[in-house]
Protein chains: 2
Amino acid sequence: MAEPSDTPDSAPRLRIRLSYGDGQVMGPGKAELMEGIARTGSISAAGRAMGMSYKRAWQLVDTMNSMFANPLVSSSRGGAKGGGAHLTEAGEEVLAAYRALEEASRTAGAPALARLAALRSDMSDGK
Amino acid sequence: MAEPSDTPDSAPRLRIRLSYGDGQVMGPGKAELMEGIARTGSISAAGRAMGMSYKRAWQLVDTMNSMFANPLVSSSRGGAKGGGAHLTEAGEEVLAAYRALEEASRTAGAPALARLAALRSDMSDGK
DNA sequence: TTTCGTTATGTTTGCCGAAATATAACGTGG
DNA sequence: CCACGTTATATTTCGGCAAACATAACGAAA
C-alpha cells in the first residue's frame with residue numbers, strides 16, 4: 001500500500017539547461033518565451049506576459065535565432081498592427097524537443113527525485 | 001579556470017537544477033563541491049580545486065546543510081591538520097541521487113538531444 | 001500624411017551577488 | 001604554550017548584468 005498522502009512538500013521545479021560553448025544556452029526561460037510568442041504573435045506581448053521588458057525578450061529571441069542553423073522566431077515590423085512575430089518550423093521543433101527532454105527527464109528521474117524528497121523531509125526509516 | 005573543456009558540438013553540457021522554494025537550489029556546483037570534499041577531506045581544498053574562495057565554498061556547504069533534514073557535510077576545526085570535513089551518510093545519498101538523476105535524464109533525453117543537435121548543425125534537408 | 005503598435009538598437013543607471021579583506025576560534029602536536 | 005591550517009563569520013569593495021530610459025524605422029490603414 002502506498003503512502004496515503006504524498007508529501008505536500010512542494011515538488012521541486014526541475015530546471016534543465018543545455019549550454020553549448022560560449023554563452024549559448026537553451027533553458028526554461030527561452031522555452032516559455034517561445035510559447036508566449038506562439039500564443040500571442042508578438043515578442044513584446046510575450047515578454048509582458050512574463051513580466052520582462054521588450055528589450056530583454058528581444059535579446060533572448062536574438063540569441064536563440066543565432067544559436068541554431070535557422071532562426072526560431074520570425075518577425076516583421078510595421079503594418080496594420082505594428083508588426084508581429086511567430087515561431088518558424090525550426091522554432092516549433094526546438095520547442096517540442098526541449099519539452100520532450102524535460103518530460104523524459106522528469107519521468108526517468110522520478111526515482112531519484114523521490115529519494116531526494118525523502119532526504120529533505122525527515123528520514124527516519126532506513127534506506 | 002575551472003571551466004571543463006568545452007563540450008564538442010554534438011554533446012552540450014546538460015545542467016540540471018532542482019529548485020525548492022526560497023533560495024534553496026541543488027545543482028551541478030554543489031554536487032561537484034561535495035565530490036571535492038569527499039576526495040580531499042577539506043572544504044577549502046575542495047573550493048580551491050574549483051577555483052572558488054573558501055568563503056563561497058563554505059556558503060554553499062552551509063546552504064546544502066540547511067536544505068535537507070540532516071547535514072550533508074560534517075566539519076571539524078582545529079586539530080593536527082587544522083580541521084577537515086567529510087560527507088555524511090545523507091550527503092553521500094544526496095550526491096548519489098543527484099548523479100543518478102543526471103544520468104537518467106541524459107539517457108532518457110538522448111533522442112531529444114539528438115534532435116536538437118540536428119537543428120543546430122545545418123540541416124538543409126528541404127521539407 | 002498622420003497615427004499606431006510593434007520591431008529594433010543604443011546609452012545610461014542601478015543594484016545585487018561575488019570577491020576581497022579582515023578577524024576569530026579551534027585543537028592537536030611539537 | 002605556541003604554531004599551524006582549517007573552519008567560521010563579519011564587513012567592505014567591486015564588476016557585470018539587468019533594468020530603465022531614449023530613439024528610430026517600419027508599413028498598413030484611416
Side-chain angles (χ1 to χ4, degrees), chain A residues 15 17 19 22-30 32-67 70-88 91, chain B residues 1-3 15 17 19 21-30 32-67 70-88 91:
Chain A
R15 290 155 77 238
R17 294 193 352 161
S19 28
D22 199 24
Q24 311 205 301
V25 173
M26 180 67 202
K30 293 201 184 75
E32 187 181 348
L33 184 62
M34 285 178 78
E35 281 177 346
I37 291 172
R39 188 188 336 118
T40 64
S42 156
I43 294 176
S44 67
R48 273 197 302 273
M50 293 177 65
M52 75 174 63
S53 68
Y54 166 77
K55 170 148 196 177
R56 172 140 184 73
W58 181 85
Q59 282 175 332
L60 293 178
V61 168
D62 192 48
T63 300
M64 282 191 294
N65 279 347
S66 65
M67 65 187 286
N70 301 304
L72 307 188
V73 173
S74 171
S75 59
S76 60
R77 59 180 170 182
K81 315 188 76 173
H86 64 95
L87 297 192
T88 63
Chain B
M1 57 162 75
E3 203 74 38
R15 301 158 140 259
R17 303 174 89 207
S19 29
D22 203 22
Q24 312 204 300
V25 173
M26 180 66 201
K30 294 202 182 75
E32 188 182 346
L33 183 62
M34 285 178 76
E35 282 177 346
I37 290 172
R39 188 188 335 121
T40 64
S42 158
I43 294 175
S44 67
R48 273 197 302 272
M50 291 178 66
M52 74 173 66
S53 69
Y54 166 77
K55 166 146 197 178
R56 173 140 184 72
W58 181 85
Q59 281 174 332
L60 293 178
V61 168
D62 192 48
T63 301
M64 280 191 295
N65 279 347
S66 66
M67 65 187 285
N70 300 303
L72 307 188
V73 173
S74 171
S75 60
S76 61
R77 57 180 170 184
K81 314 188 74 173
H86 63 93
L87 297 192
T88 65

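Heavy atoms only: backbone and side chains are in, while hydrogens, waters and symmetry mates are out. Per chain, numbering begins at 1; letters A, B, ... match sequence-line order.
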task: Taking side chain to side chain contact (heavy atoms under 4.5 Å, CB included) as the test, write out the residues that go with S76(A), two or more places apart.
output: none

- request: State, with a plain yes or no, whether a side-chain heavy atom of T63(B) is found less than 4.5 Å away from one of K30(B).
  value: yes

Side chain to side chain donor-acceptor pair (under 3.5 Å) contacts touching residues 42-58 of chain B (sequence neighbours left out): S42(B)-S44(B)

Contacts of E35(B) that satisfy side chain to side chain donor-acceptor pair (under 3.5 Å) - sequence neighbours left out: R99(B)

query: Where along residues 34-42 of chain A does a heavy atom fall under 4.0 Å from DNA chain D?
result: none

- prompt: dA8(D), dA8(C), dT6(C): which one has an atom nearest the side-chain heavy atoms of S75(A)?
  reply: dA8(C)

statement: With the side chain defined as heavy atoms from C-beta on, A85(A) is closest, among dT6(C), dT7(C), dT9(D), to dT7(C)

query: Mind checking what makes side chain to side chain donor-acceptor pair (under 3.5 Å) contact with Q24(A), not counting sequence neighbours?
result: R120(B)

message: Rounded to whole Å, how long is the line connecting atom CD1 of I43(A) with atom C1' of dA8(C)?
response: 9 Å

- prompt: Are W58(A) and dA8(C) close enough that a side-chain N or O sits under 4.0 Å from OP1 or OP2?
  reply: yes

task: For residues 77-88 of chain B, pull every pair meeting side chain to side chain donor-acceptor pair (under 3.5 Å), keeping only residues two or more places apart or in separate chains.
output: none

Distance in Å, M34(B) CE paired with M64(B) CE, rounded so as to fall on 0.5 Å steps: 5.5 Å

Heavy-atom protein contacts under 4.0 Å, nucleotides 24-30 of chain C, coded B base, S sugar-phosphate only, - none: -BBBBS-

query: Think S44(A) has a side-chain N or O under 4.0 angstrom from the OP1 or OP2 of dT7(C)?
result: yes

field: Point-to-point distance, once rounded to the nearest 0.5 Å, from CZ of R15(A) to CZ of R17(B)
entry: 4.5 Å

- prompt: What distance separates L60(A) CG from L72(A) CG, expressed to the nearest 0.5 Å?
  reply: 12.0 Å

query: Among the nucleotides dA8(C), dA8(D), dT6(D), which one has an atom lying closest to any side-chain atom of Y54(A)?
result: dA8(C)

Are any protein N/O atoms closer than 3.5 Å to N/O atoms in nucleotides 11-19 of chain D? If there are, list each pair with its distance.
residue: dT11(D); atom: O4; partner: K55(B); partner atom: NZ; Å: 3.0

Side chain to side chain contact (heavy atoms under 4.5 Å, CB included) against A46(A), all qualifying residues, sequence neighbours excluded: L33(A), I37(A), T40(A)

- prompt: Excluding sequence neighbours, so at least two apart, what forms side chain to side chain contact (heavy atoms under 4.5 Å, CB included) with P71(A)?
  reply: N65(A)

